[in-house]
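Hydrogens, waters and symmetry mates play no part in the numbers below; they use all other heavy atoms, side chains included.
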Amino acid sequence: MKQSHIRNFAIIAHIDHGKSTLADQIMALTQTVSAREQHAQLLDNMTVEQAHGVTVKARTVRNYYQADDGQEYEYNLIDTPGHVDFNYEVAKSLAATEGAILLVDATQGVQAQTIANYRIAKQRQLTLIPVLNKVDLPSADIDAVLAQLRDLDSAFTPEQVLQISAKTGQGVPAVLEAIKQRLPAPQGDLHQPLKALVFDSLYDPYQGVIAYVRLIDGQLKSQQSLRLMQGQQDFNGKAIGVFAPQMHPQESLSAGDVGYVVAGIKDPRKVRVGDTLTSVATPTQWPLAGYQPAKSMVFAGLYPKNNDYPALKEAVQKLNLNDPSFTYVEERSEALGVDFRCGFLGTFHLQIIRERLHDEYGVDVLTTAPNVTYHVTLTNGQQMIVNNPVQFPAFSLIKEVTEPFMKAEITMPADNLNAVLKLAEQHKGTLIDLANSGDLIVASLKIPLSEIAYHFFSELKSVSHGFASLSTAFMANEVSDLVKVEVDINYAPVDALTFIVHREDAPNMTQQLVANLKTTVPRQLYPTPVQARVEGKVIARVDVPPLRKNAAVNGEQHSTSKKAALLRRQSANKRRASKNTIKLPQSVFNAILSL
């Protein structure tokens, strides 16, 4: 295929604006898949993607389009996620393209992730095609959304915006023609040494690492000796090909093409996304710039529910091979045994991982409360990075603690401003700026990551009746007054329940916690004390009531003092025997999450 007839593009949008539906229509109109193979969310092949109706993993597919001028064009489409947790997938996909379709829901308008993805595309100087979706719905407010797009970019005039219904197919042929007319062709040189960008990877248990590549210069042939320049790794390309949408082997790929290389490397850490692929025989002189790897923002512990540690270990290792943004470290809890301390991009990513462990590997896990990374300066000047609350040092050794703060941009109708600002204040948010985007207001806030890591997004949707949207970016680490809350059950510390909070929130949160634990901790044959400690002091306590009346009390007349002594001895013996056999259900951890 001539380079002038190739178009590499992505579809970017806010979550649930119709990205996957448009991708399905493009594949149907270009006859990439047959009518028998066609189904909704064709590129979303994971169970969790089908269940939640969202894209988690970027996918690529080659389509062949017969244009109005009678020529055949090669369209390499890269589907992207829309959820804020998976911004890194969007950045990876856009690095392999020359342009993108900016899709906006006519019933929802421009939302936070629309703006965030637009900015990523503009930073890469990509050509954008604005497309308005769901124009056939009665609730569509086309004029208002066109005005929002014009405010977002003055080049998005009403004449430039395509109006479609991806579900019915209305207007989609015009999108295919606009891709040919508006998006530039790749500008690589076929006669230069091979230079290709590794923009994603997949691990296959039989074939090893499969690298997704976009060729910048030169040609790539099957069985060629190849080199990853940054990783300094040489290998023989066992097979190459393209996605349509399944893997189709090819003899060669040329500059401008998007495809895959079966590297055969069994250690996925040796293939870094963003690396430059070249030939061993005639290497290119300069590698590509690449991009920063994804950084974990939220950390939580995963414990096997049925003490099946080998099964969890195998599942976590396999999951990490296909999702490098998911990280893990093996640890041990005194109360619950061996666990994995895992890093996630956000709480939605955590939820996706839990469901994938259950759906794909049949492993059920207990999840501890998510936390963020803290930087601790000790009194002796030593610096510590704490991802696990258990590692938080004693209060007498701490000089200061810093936590990550995020810049949160909340896009909302003007009517919701007061409710949203009140919610932000409750979560220690500070207003930085207010701006207008058409009929919408964009509030920029500085807020601790720990405050938005779990419930904030759902609370925001609740107070704004679903109209507000959130986009976040890391700002800096700032000093905060934080304390470690330790939980004892039956006088035995349960380190898996340890968490870190702001000092001012500790009294109320611990009182709520012990009240919740009273109904969730499994009941014993004797009263079980539950205590919350901060800096060595018990600040909240409750006794979990016994399962039934004590066997020593049988209703007969006995000496009260002897009966009391018997009960004390019996209770002490039972406590001593049960300290190391605490089995906690997920509801106990949810008691912390609910705070």
**Asked** Backbone N or O of Gly256 within a donor-acceptor pair of the Asn8 side chain at under 3.5 Å?
**Response** yes
Distance-only criterion, 3.5 Å: show the donor-acceptor pairs between side-chain atoms of residues 215-228 and protein atoms not counting sequence neighbours.
from: Asp217; atom 1: OD1; to: Asp189; atom 2: N; distance (Å): 2.9
from: Gln219; atom 1: NE2; to: Ser254; atom 2: OG; distance (Å): 3.4
from: Gln223; atom 1: OE1; to: Asn236; atom 2: ND2; distance (Å): 3.1
from: Gln223; atom 1: NE2; to: Lys238; atom 2: O; distance (Å): 2.7
from: Gln224; atom 1: OE1; to: Lys221; atom 2: N; distance (Å): 2.8
from: Arg227; atom 1: NE; to: Asp234; atom 2: OD1; distance (Å): 2.8
from: Arg227; atom 1: NH2; to: Asp234; atom 2: OD2; distance (Å): 3.3

**Request:** Spell out, as yes or no, whether a donor-acceptor pair under 3.5 Å connects the side chain of Gln25 to the backbone of Ala166.
**Result:** yes
**Message:** Could you check whether any side-chain N or O of Lys266 sits under 3.5 Å from a backbone N or O of Val209, counting only pairs where one atom can act as donor and the other as acceptor?
**Reply:** no
**Side-chain donor or acceptor of Tyr65 paired with backbone N/O of Ile26 under 3.5 Å** = no
**Complete:** Rounded to the nearest 0.5 Å, the CD1 atom of Ile101 sits from the CD1 atom of Ile12 at a distance of 10.0 Å
**Prompt:** Which value, rounded to the nearest 0.5 Å, describes the distance between Ile11 atom CD1 and Thr97 atom OG1?
**Reply:** 11.5 Å
**Prompt:** When the ring planes of His349 and Phe326 are compared, do they come out parallel, tilted or perpendicular, using 30° and 60° as the limits?
**Reply:** perpendicular
**Prompt:** Between Ser279 and Leu194, is there a donor-acceptor pair closer than 3.5 Å when you use the side chain of the first and the backbone of the second?
**Reply:** no
**Prompt:** Which heavy atom of Leu102 sits nearest a heavy atom of Phe156, and at what distance?
**Reply:** CD2-CE1, 3.7 Å
**Fill in**
The ring pair (Phe, Tyr, Trp, His ring centres under 6.0 Å) partners of Tyr328 (sequence neighbours excluded) come to Phe340
**Message:** Looking at Gln3 and Gly188, would you say the former's side chain and the latter's main chain have a donor-acceptor pair under 3.5 Å?
**Reply:** yes
**Message:** If I take atom CD from residue Gln317 and atom CG from residue Leu312, how far apart are they, to the nearest 0.5 angstrom?
**Reply:** 9.5 Å
**Request:** Could you name each residue pair satisfying salt bridge (Lys or Arg N to Asp or Glu O under 4.0 Å) that touches residues 166-183, not counting sequence neighbours?
**Result:** Asp69-Lys180, Glu177-Lys180
**Asked** What pairs with Phe299 under ring pair (Phe, Tyr, Trp, His ring centres under 6.0 Å), at least two apart in sequence or on another chain?
**Response** none
**Complete:** Residues pairing under salt bridge (Lys or Arg N to Asp or Glu O under 4.0 Å) where one sits in residues 247-261, two or more places apart or in two chains, turn out to be Arg62-Asp257
**Message:** Under the side chain to side chain contact (heavy atoms under 4.5 Å, CB included) test against Leu132, which residue among Leu162, Ile164, Leu146, Asp105 passes?
**Reply:** Leu146
**Heavy-atom donor-acceptor pair, Gln187 side chain to Ala185 backbone, under 3.5 Å** = yes
**Asked** What distance separates Tyr118 OH from Leu152 CG, expressed to the nearest 0.5 Å?
**Response** 5.0 Å
**Message:** How about NE2 on His358, more than 12 heavy atoms from neighbouring residues, nucleotides or ligands closer than 6.0 Å, or not?
**Reply:** no
**Asked** Is a side-chain donor or acceptor of Asn133 paired with a backbone partner of Leu103 at a separation under 3.5 angstrom?
**Response** no
**Request:** Using ring pair (Phe, Tyr, Trp, His ring centres under 6.0 Å) as the criterion, list what pairs up with Phe243, not counting sequence neighbours.
**Result:** Tyr212, Tyr260
